[in-house]
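Take a look at the structure below.
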Amino acid sequence: MQVVIMPNESAAGEFAADMVERRAKADSLRVLGIATGSSPLPLYKALARRDLPAIRATRAFALDEYVGLPPGHPESYRSVIGREVTVRLGMDPGRVEVPDGSIDGLSTAGERYERLIADAGGIDVQILGIGTTGHIGFNEPTSSLTSRTRVKTLTEQTRRDNARFFPSPDDVPRHCVTQGLGTILDAREVILIAVGSRKAAAVAAAVEGPLTSMCPASVLQMHSRATVVVDEPAARELRLRSYYTEVLRLRPTWQI
Ligand code: F6R
C-alpha cells in the first residue's frame, strides 16, 4: 500500500488527480469507479480544471446509493454524482451507472450491478472515501471481506455523519445498496482519499491496524495497487508517517 501525506486537502486532490490523469493519458482508464461524499471533491475539482478528453470518454460506476429516496431527490447519489462528477467532468450521463436503490428493484439490484460492471470489463481505477466507522462504499463494520454488491444497513454513526446533507437526521435513509468489499478489491487499482482529523482514527486502523471486518477499509491491505492519499490532519494517528514521506520522496515518478 502506498501512503501519501499531503499538506492540505487541495494538495491531496491534486495528487490524486495526477494519478488519474496519468492512467487516462496512458490509455489504461476505460472504467472509473467513483465515490460520493466530501472527500473526493478536491480530486473531481482538480480533474475538471484539466482538459482530459479520456476522462470524458470513460464509463463510470458509483459505489453506492441510498435505498428508497424518490427519483430526483437532491441527495440521492444519482443526483449528487450528476452534479459533482458527471457535469463537472463533462461525462456522458448515459455512461455513468449508479446502483438501483428503488424499493421495487432491491432484490435484484446487487446482481444487476455486478453484471453491469463485469460487462464493462471491470473497474480500472476505483476512487474511495472512508467513513468514520472505517467503511468504504457503505460496507459498515462486520461486512464480509469478500462481499459483493448488496443491500446494507447504515450504522447510526454513518447516519449522523451524513445528516449534514439532509433537512433533519431522521431523513437520512437507513439502507443502501453498495458495492461489496470483494467488488472493490476486484478493481485494478484503488485510490482512497481522506481529509480532516475526524478521519484520522479510521485511516490509522485501515492502514496500520489488523485486517478485520471491524474496519472494512483494512481489506485494502489485500489489494496489490492501493494508494491512500491523506492530508496532515487525517494522517495524525499514523505511526509510520515519516517513513511514508521518505518512501514518496525517494520514489521514481513513473512508479506513482
Ligand atoms: C460514498 C462512499 C462513502 C464515503 C464516506 C466518506 O459513495 O462511498 O464511503 O466515501 O462515507 O464520506 P465523506 O467523504 O463525505 O466524509
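Just so you know, ligand 1 is whichever comes first in the structure, and atom 1 is the first atom listed for that ligand.
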Notebook entry, point to check: With a cut-off of 4.0 Å, which atoms of ligand 1 are near a heavy atom of Lys199?
Noted result: 6 (C), 13 (P), 14 (O), 16 (O)
Notebook entry, point to check: Considering only the protein, which heavy-atom contact is closest to atom 6 (C) of ligand 1, and what is its distance?
Noted result: Ile130 O, 3.4 Å
Next item on the list: Compute whether any side-chain donor of one residue and acceptor of the other, for Thr149 and Gln179, lie under 3.5 angstrom apart.
Entry: no
Notebook entry, point to check: Which residue pairs pass the ring pair (Phe, Tyr, Trp, His ring centres under 6.0 Å) test with at least one member in residues 179-234, sequence neighbours excluded?
Noted result: none
Next item on the list: Would you tell me whether Arg251 and Gln2 have side-chain atoms, one donor and one acceptor, within less than 3.5 Å of each other?
Entry: yes
Next item on the list: With sequence neighbours excluded, give me every ring pair (Phe, Tyr, Trp, His ring centres under 6.0 Å) pair touching residues 110-146.
Entry: Phe61-Tyr113, Tyr66-Phe138, Tyr77-Phe138, His135-Phe138
Note to self: Could you measure the distance from the CG atom of Leu43 to the CD1 atom of Ile191? Nearest 0.5 Å is fine.
What the structure shows: 7.5 Å
Checklist line | NZ/NE/NH1/NH2 to OD/OE distance under 4.0 Å, Arg50 and Glu14 | finding: yes
Check: Considering only the protein, which heavy-atom contact is closest to atom 10 (O) of ligand 1, and what is its distance?
Finding: Gly129 CA, 3.3 Å
Notebook entry, point to check: Just heavy atoms, cut-off under 4.0 Å: does Glu65 contact ligand 1 by side chain, backbone, both, or neither?
Noted result: neither
Next item on the list: State the atoms of ligand 1, each with its element, that fall below the 4.0 Å cut-off from a heavy-atom position in Leu63.
Entry: 8 (O)
Checklist line | Min N/O separation Tyr77 to ligand 1 under 3.5 Å | finding: no
Note to self: Please classify the Asp64 to ligand 1 contact at 4.0 Å (heavy-atom distances, strictly less than): side chain, backbone, both or neither.
What the structure shows: side chain
Next item on the list: Answer with yes or no whether the side chains of Thr158 and Thr155 bring together a donor and an acceptor at under 3.5 Å.
Entry: yes
Check: Can you tell me which residue and heavy atom of the protein come closest to atom 4 (C) of ligand 1, and the distance to 0.1 Å?
Finding: Thr36 O, 4.0 Å
Next item on the list: Supply the atom-to-atom distance Leu248 CG to Thr227 OG1, rounded to the nearest 0.5 angstrom.
Entry: 10.0 Å
Checklist line | Nearest non-hydrogen protein atom, atom 14 (O) of ligand 1 | finding: Ser39 OG, 2.3 Å
Note to self: List ligand 1 atoms under 4.0 Å from Ser38, heavy atoms only on the residue side.
What the structure shows: 13 (P), 14 (O), 15 (O)
Margin query: Please list the nearest protein heavy atom to atom 5 (C) of ligand 1 with its residue and the distance rounded to 0.1 Å.
Written below: His135 NE2, 3.3 Å
Notebook entry, point to check: Checking salt bridge (Lys or Arg N to Asp or Glu O under 4.0 Å) for the pair Glu111/Arg150: CA distance, chi angles, key distance, verdict?
Noted result: CA-CA 8 Å; Glu111 201 181 306; Arg150 71 222 182 284; over 6 Å; no
Note to self: Please report whether ligand 1 has a polar contact with Gly137, defined as an N or O pair separated by less than 3.5 Å (distance criterion only).
What the structure shows: yes
Note to self: I need the contact type for Asp161 against ligand 1. Using non-hydrogen atoms and a strict under-4.0 Å cut-off, is it side chain, backbone, both or neither?
What the structure shows: neither
